[in-house]
Structure formats: C-alpha cells, structure tokens
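This report concerns only the one structure given below.
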Amino acid sequence: MFLGALTGLGLLHELGSYGEADEDTFTDDEVKQAAVLLLQAPQDDREDPDADEEEEDDWRARREAQQVRDSVVGQWRSAAASLHRCHRFLALFPWLRPWADASMRLKADHVALLQRQVGQLLSREALTAAAGVTTMGTPDLPAEDPVFALLGAPTVVAEELASLWRRWSGQAADSWEHPRENGHLAYDLVRGISSRRKGWDAALERAQELVAAWALSLRAGAAGEQDERVLMVRLPEQGLDDPFGRDEVFLGRLSEWELGVLACWATEADWEGLTVALRVPEPVAARLLSQPSALSCLLPEQAVAAQDAAPQVPVEAVGPGVFDDTPVSARRPVTAGDLRALRTIAREVDQLYLVLSVEAGPEVLPLPVLEARVARGGRYVVVAPAGDLPDALVTARRKELKADAVADDDPVWMPRIHQCSPPDFGRRLGTTEGERLVVRLTRGRSHPDAALRCLLLARGVADLRDLGDWYDASGERRDPVPFPVWDGLLAMEQLDLWPFRPVREDGARRGGAGLPLGVLASVQLYTTDAAGRFEGRAHSPGCQHQGRDRGLSRYYDLVTVEQLLGAERIDPCSKCGGYAPRRLSTTQVAYYRAAHRVHDLAQQVRWVLAHPDLGTDSASLLAELKEWDAATSPDTWFDADNEERQWSRFIRRLLQQLQAAVAHPRPS
C-alpha cells in the first residue's frame with residue numbers, strides 16, 4: 001500500500017503537479033488585462049453610429065476575459081485539491097515530511113499565487129452587493145399595471161412577476177457578476193409571447209425598469225464603507241473520498257459567490273485542515289453567519305471553543321501489519337484510523353474484504369459494514385481483499401469456463417429447461433452457471449478477472465443485502481460489487497418446489513410428493529414482501545414490473561425455502577415469481593435434480609396404479625426404481641437422519657406399489 005500511495009497517481013504525482021507555473025498558467029499581465037474588461041462598468045453608447053460594431057467587439061473581448069477567469073478559478077481549485085491530498089498522504093506516512101517539505105512549499109506558494117489572480121478577476125463590490133440581495137424583501141410587484149395586460153389576468157401577471165423576482169434574486173445572490181448586470185432576465189417575462197404582438201416592447205421595457213430598480217435599491221458603495229469582521233470557515237471535503245477518481249471537482253458544493261468570498265477575503269488558508277480565516281465586510285459576514293451555506297462559519301472565539309469541545313481524532317500513520325503481506329499470525333487488528341487511511345490510499349476501496357474475528361471467525365464484509373463494526377468496538381484482522389485472491393485460482397477458473405463454451409456467439413442466457421430428464425436441468429440455478437454468466441458479461445473489459453474475484457469472495461457473505469445500498473459522502477449510491485456479479489449471486493427465476501409440497505389427498509397427478517427439503521431448506525430467497533405486509537405483489541430484484549436494478553438493498557426481505565413453503569400470505573408477481581433465490585451449490589443442484597426425478601417417477605407410478613386397464617409397459621419404470629432403491633443417497637443431501645430415512649422409505653414404497661401392481665394386475 002505504501003508503494004501504491006507513492007507511485008502512479010499517488011504522492012509523487014501530486015508533488016510534481018501544481019508546483020510552478022506551466023503552459024496553462026496565465027501571466028500577471030494577462031490577468032490584469034482580463035480584470036480591466038471584467039470590472040469596468042457597462043457603457044451606454046446608443047447614440048454612437050458605430051455602437052453596434054463596438055458592442056460586438058466588446059462582447060467578444062469580455063467573453064475571452066470570462067474564459068480567463070474560469071480557467072484561473074479551475075486551476076486554483078485543482079491546485080488546492082492537490083495540496084490537500086498531499087497533506088493527507090503525508091499524514092499517513094509522516095517520515096516523508098522532511099523529504100517532501102521543499103515541494104510542499106512550492107505547491108503552497110503556487111496556490112497562493114493562483115488565489116491572488118482569482119481575487120484580481122472578481123469584484124468585491126459585486127460580491128458585497130450579492131450579499132445584500134439576500135436581505136431584500138419581496139418588492140411591490142405591479143400586477144395591475146396595464147402594460148402587462150398581454151400576459152393575462154392580474155393573477156397570472158402576479159405569478160409571472162414573482163417568478164421573475166425569484167430568478168433575479170437567486171442569480172444575483174450566487175453570481176460573480178454585479179446584480180445590475182442581470183438585466184437580461186427581463187426577457188424571461190415575455191419569452192412566451194411573440195415579439196410582433198402589440199404591447200410587447202412596452203412590457204419588456206417596463207420589466208427592464210423593474211429589474212434595474214431592484215439593483216438600484218441596493219446601497220451604493222457598500223463595499224468600501226462597511227465595517228469588517230473576522231470569520232473562520234470550514235471547507236467541505238466532498239470529492240476527496242476517492243482521490244484517484246477525480247470525478248468530482250474540489251469544492252464543488254460551493255456556489256460562485258462562496259468561491260469568490262474565499263478568493264477575495266481569505267487572509268490565511270490551512271489546506272491540510274481545510275480551514276480558512278476571512279476578513280470580510282459586514283454584509284458578507286452577516287450572510288455567512290445567517291444563511292444556509294456549504295461553508296461552516298464561526299466567529300474566532302466560537303471556533304476556539306468548538307475546537308476545545310470537539311474530540312480530537314488523531315491521524316494514524318500507516319505501518320506494517322494491517323494491510324500488507326505480513327503473516328496472518330503477526331497482523332494487528334484494524335482500527336478506524338486504518339480504514340480512513342484505506343479510503344485515502346486504495347484505488348479499489350469499494351470492494352469486499354475477508355476478515356477474521358474471535359467472535360464470528362472468518363467473514364466476508366463490504367468496507368462500510370467493516371467500518372461500522374470497528375466503530376462499535378469490534379476487533380477484526382484483515383486477511384485479504386477481493387483483489388488479492390490468488391491469480392492461479394481466478395485465472396484458471398476463467399479459462400475453464402471459457403473452454404466450456406462451444407463458441408463465442410453462444411447465447412449469454414441459458415434457456416430454461418422444464419423437464420427433469422435432460423442433463424442440463426437445474427443448471428441455470430447453480431453457482432457454476434453464475435460464474436459463466438459473470439465471465440461472459442464482463443468479456444472485453446480491461447480487467448476481466450475483477451468481477452470474478454469479487455463473485456468468488458462475495459459467496460462468503462452471509463446476507464447478500466449487506467452488499468448493496470451504500471452511499472458515499474455526496475449521496476451517490478455505490479455498490480461494493482460490479483453489476484454483473486449480481487447475476488452470479490442470484491438466479492433470477494423461481495424454484496420448482498412441487499416435489500417438496502404435501503401429497504394431494506385426491507391423488508391428483510399435479511400434487512406434491514412430500515419429499516424432505518434436505519440441503520434446499522436453507523437456500524436463501526430475496527423478495528420485496530415475504531409476509532404480504534404491503535399493497536401489491538411481491539417482486540424479485542430486477543423484476544421488470546418494479547423497474548429496479550438486480551442489486552439488493554435493506555428494503556428486501558430474506559426468507560429460506562423452508563419458510564417460503566410455510567408462508568401463506570405471500571402474493572408473488574406473475575412475471576418474476578416473487579423472489580430470487582441465491583444460487584445453489586453443486587450439492588444442492590444435484591439434490592434438486594434428484595428430487596424432481598423421483599417426483600416424476602412417483603407421478604408415473606400413480607398413473608400406472610390408476611389405469612391398470614391400459615396395459616402400460618412398466619418394465620423400464622420398475623428398473624429405474626430398483627436403481628434408486630439400491631443406490632445410497634449422499635450424506636451431504638440431508639442434514640438430519642430422519643430426512644434420509646424419509647427419502648429411502650418414499651422410494652421403497654413406490655417400488656413396492658409398482659411391484660405389487662405388476663405381480664397382481666387387476667383384471668380389465
């Protein structure tokens with residue numbers, strides 16, 4: 001793990017990034033030139049005959065300046081994120097700090113340079129005015145003004161004007177631009193009306209006057225006339241749980257206005273602890289302290305008190321004996337700090353782990369479950385993640401499954417077989433078929449063994465519901481297993497349980513045989529409603545009627561086959577059968593096939609006994625029953641001796657009934 005954190009996209013990469021200006025960095029002169037265009041007040045040159053052409057040139061120049069600003073802000077955020085990640089890595093390996101000190105100073109200086117450039121491209125007056133927008137009450141809206149009659153009745157006009165106010169105040173409060181530059185929103189009021197309609201120009205002009213009046217109602221010159229206050233803010237950590245993914249932008253939860261406040265008024269930034277000291281005008285401070293924000297803001301004295309009251313969570317250095325190849329006998333129990341370090345370092349953090357504890361022995365747990373148990377005081381030793389399963393096992397198994405395929409264009413999904421005589425009956429339900437599906441569904445991927453590794457380890461999970469329905473810091477659902485693995489764990493079809501149902505008293509051919517469940521009794525079934533508690537029918541994961549993924553969540557019920565046979569209130573879906581069984585082991589498939597064959601023989605014997613006048617040839621049936629009677633059932637089929645005796649008595653009774661019928665046929 002140390003080498004993984006150091007190489008690749010790890011610490012060496014981060015230290016070599018954003019340490020100095022490169023070809024993407026703008027010079028101070030370029031920033032100043034863009035700032036002049038962005039911060040100058042708009043000019044009104046309507047009487048100038050060349051105004052249109054100049055306005056086009058000004059628009060293009062301003063657009064280029066805005067692109068410079070967006071680029072500089074993006075570089076600042078990326079550089080700050082890289083600096084923070086370096087701090088996180090060095091906290092885990094503190095002996096590297098002296099070696100990395102010079103590079104860290106260069107990175108900190110570059111972040112400060114980019115922050116100064118961002119501050120030059122933003123208007124403090126505009127940010128202060130935006131803070132004042134949040135204190136404005138809803139103004140009087142002239143719904144009765146005749147100029148707005150083309151919009152409809154006064155009630156409609158009132159709704160449209162209120163909507164215009166909400167759009168203007170919302171955009172003005174969270175933008176880098178000054179509120180007076182949002183006059184274009186006035187066009188929204190007449191966007192659904194043809195510009196050729198009479199009164200359209202007058203309505204637009206009146207709307208523009210309203211928007212301009214709202215901007216003018218803000219106190220002029222507020223940026224330089226207000227008292228200043230010092231605040232301490234805590235930055236959100238969203239987007240840093242997976243440092244190698246780079247899927248989320250650093251500080252992505254902050255609005256433009258909040259980013260501008262950080263860039264313009266930050267006096268001291270601690271990018272390791274994600275805390276920033278601000279010296280801001282009073283309107284800005286009032287908004288930060290009173291309005292909901294992604295920035296956690298406190299006064300200095302409050303920040304000191306909160307720091308004293310909060311429990312200190314020490315950053316634990318990552319040492320040998322937890323996640324490495326130390327002999328299992330010498331490994332240390334994993335701690336909450338170790339697991340936090342794992343999320344910082346590991347590239348495939350959302351996977352399964354084989355762990356060992358005194359209380360439960362060996363278990364397979366997803367990382368969120370392991371974190372929760374360790375937080376409650378559990379002591380676990382990490383044996384191996386799914387990615388560490390031996391290549392000799394995984395690769396060899398994948399090659400075996402590919403060798404069994406007749407051709408690459410074979411159908412992915414094996415057709416269902418209803419008759420118990422063919423040799424492939426029941427194969428769709430087995431774990432071997434699950435492995436074949438995973439290999440087939442992941443064919444062509446860059447890491448074809450990753451899903452198979454996960455499947456092989458996921459079989460050790462006691463409850464498959466623990467594998468799904470986990471969410472990261474941003475609220476996005478993240479499954480510890482790849483999507484195809486669910487097809488390897490669950491058979492998305494209903495079990496045929498007729499051989500294990502009671503015998504019909506009327507002797508009907510479609511009755512049950514009353515065979516013991518044996519090893520099938522504990523087979524897990526997952527359903528949305530096992531007890532008929534909810535309105536509607538029970539569904540399996542991935543049922544088309546409910547439109548869900550094949551994955552499980554905590555909202556599913558778990559029952560066994562034995563419990564299902566005794567259930568009376570379950571109302572299964574006609575599409576999926578109401579549940580999905582966990583795939584059967586080789587032993588369970590063998591007994592499932594045997595039970596169906598014996599049940600089929602029982603049906604044939606009942607037919608012969610019920611129709612002696614048809615003169616049915618019973619020789620082959622008698623020979624097969626003798627084979628079943630002479631054979632010894634495997635010990636692995638039954639968990640109790642009485643079940644094995646019940647199985648043997650059932651076959652012997654069938655044989656005796658058929659022998660009696662053959663020896664003493666009734667006259668036709």
Side-chain angles (χ1 to χ4, degrees), residues 36-67 69-70 122-123 125-223 255-257 260 283:
V36 170
L37 296 173
L38 291 172
L39 303 183
Q40 67 182 0
Q43 302 294 326
D44 189 359
D45 297 329
R46 296 180 182 177
E47 297 181 359
D48 188 345
D50 298 329
D52 291 342
E53 183 176 351
E54 293 181 1
E55 183 179 355
E56 179 73 14
D57 294 339
D58 291 344
W59 180 87
R60 293 183 183 278
R62 183 176 177 83
R63 180 58 181 164
E64 292 176 357
Q66 290 174 342
Q67 292 174 349
R69 179 179 62 190
D70 293 342
L122 299 178
S123 169
E125 178 189 357
L127 296 173
T128 305
V133 171
T134 60
T135 63
M136 296 175 63
T138 304
D140 294 332
L141 304 175
E144 303 290 341
D145 194 327
V147 76
F148 293 131
L150 79 165
L151 298 178
T155 55
V156 177
V157 175
E159 292 176 359
E160 292 293 334
L161 290 176
S163 177
L164 176 62
W165 159 254
R166 288 192 297 269
R167 286 195 296 274
W168 179 86
S169 60
Q171 183 162 326
D174 287 324
S175 173
W176 292 327
E177 310 296 344
H178 197 283
R180 63 171 173 262
E181 298 186 27
N182 293 308
H184 61 279
L185 294 176
Y187 285 89
D188 290 352
L189 192 66
V190 292
R191 65 185 181 279
I193 302 173
S194 173
S195 59
R196 292 177 294 180
R197 184 173 175 180
K198 183 179 180 180
W200 186 87
D201 292 329
L204 175 59
E205 184 176 356
R206 181 72 178 99
Q208 291 173 332
E209 293 175 356
L210 283 176
V211 173
W214 296 339
L216 288 174
S217 64
L218 296 169
R219 288 184 297 172
S255 66
E256 284 189 356
W257 182 83

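- Glu256 pairs by the side chain to side chain contact (heavy atoms under 4.5 Å, CB included) definition with Ser175, Trp176, not counting sequence neighbours.
- Residues passing the side chain to side chain contact (heavy atoms under 4.5 Å, CB included) test with Ser255, sequence neighbours excluded: Asp174, Trp257, Glu258.
- Atom CD of Glu205 is surrounded by 12 or fewer heavy atoms from other residues, nucleotides or ligands within 6.0 Å.
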Pair up each side-chain donor or acceptor in residues 157-167 with any protein partner under 3.5 Å, not counting sequence neighbours, and list the distances.
unit_1 : atom_1 : unit_2 : atom_2 : d
Ser163 : OG     : Arg167 : NH1    : 2.5
Arg167 : NE     : Asp188 : OD2    : 3.2

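- Shown here for Ala143 and Pro154, the closest heavy-atom pair between the two residues is CB-O, 3.8 Å.
- Evaluation of the salt bridge (Lys or Arg N to Asp or Glu O under 4.0 Å) rule for Asp201 yields no partner, not counting sequence neighbours.
- The minimum heavy-atom distance linking Leu185 with Trp168 is given by the pair CD1-CA, 3.5 Å.
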Checklist entry - Trp214 and Val133: side chain to side chain contact (heavy atoms under 4.5 Å, CB included), yes or no, with the steps? => result CA-CA 9 Å; Trp214 296 339; Val133 171; over 6 Å; no
Checklist entry - Which is it for Met136 and Ser217 under the side chain to side chain contact (heavy atoms under 4.5 Å, CB included) test, yes or no, and what are the steps along the way? => result CA-CA 9 Å; Met136 296 175 63; Ser217 64; 3.2 Å; yes
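- Within the structure, the side chain to side chain donor-acceptor pair (under 3.5 Å) test picks out the following pairs touching residues 137-151 (sequence neighbours left out): Asp145-Arg206.
- Shown here is Arg196, whose CZ atom has no more than 12 heavy atoms of other residues, nucleotides or ligands within 6.0 Å.
- Heavy atoms only, all atoms of each residue included: Val211 and Gly183 are closest at CG1-CA, 3.8 Å.
- In this structure, the side-chain hydrogen bond (donor to acceptor under 3.5 Å, both in side chains) partners of Arg62, at least two apart in sequence or on a different chain, are Glu177, Glu181.
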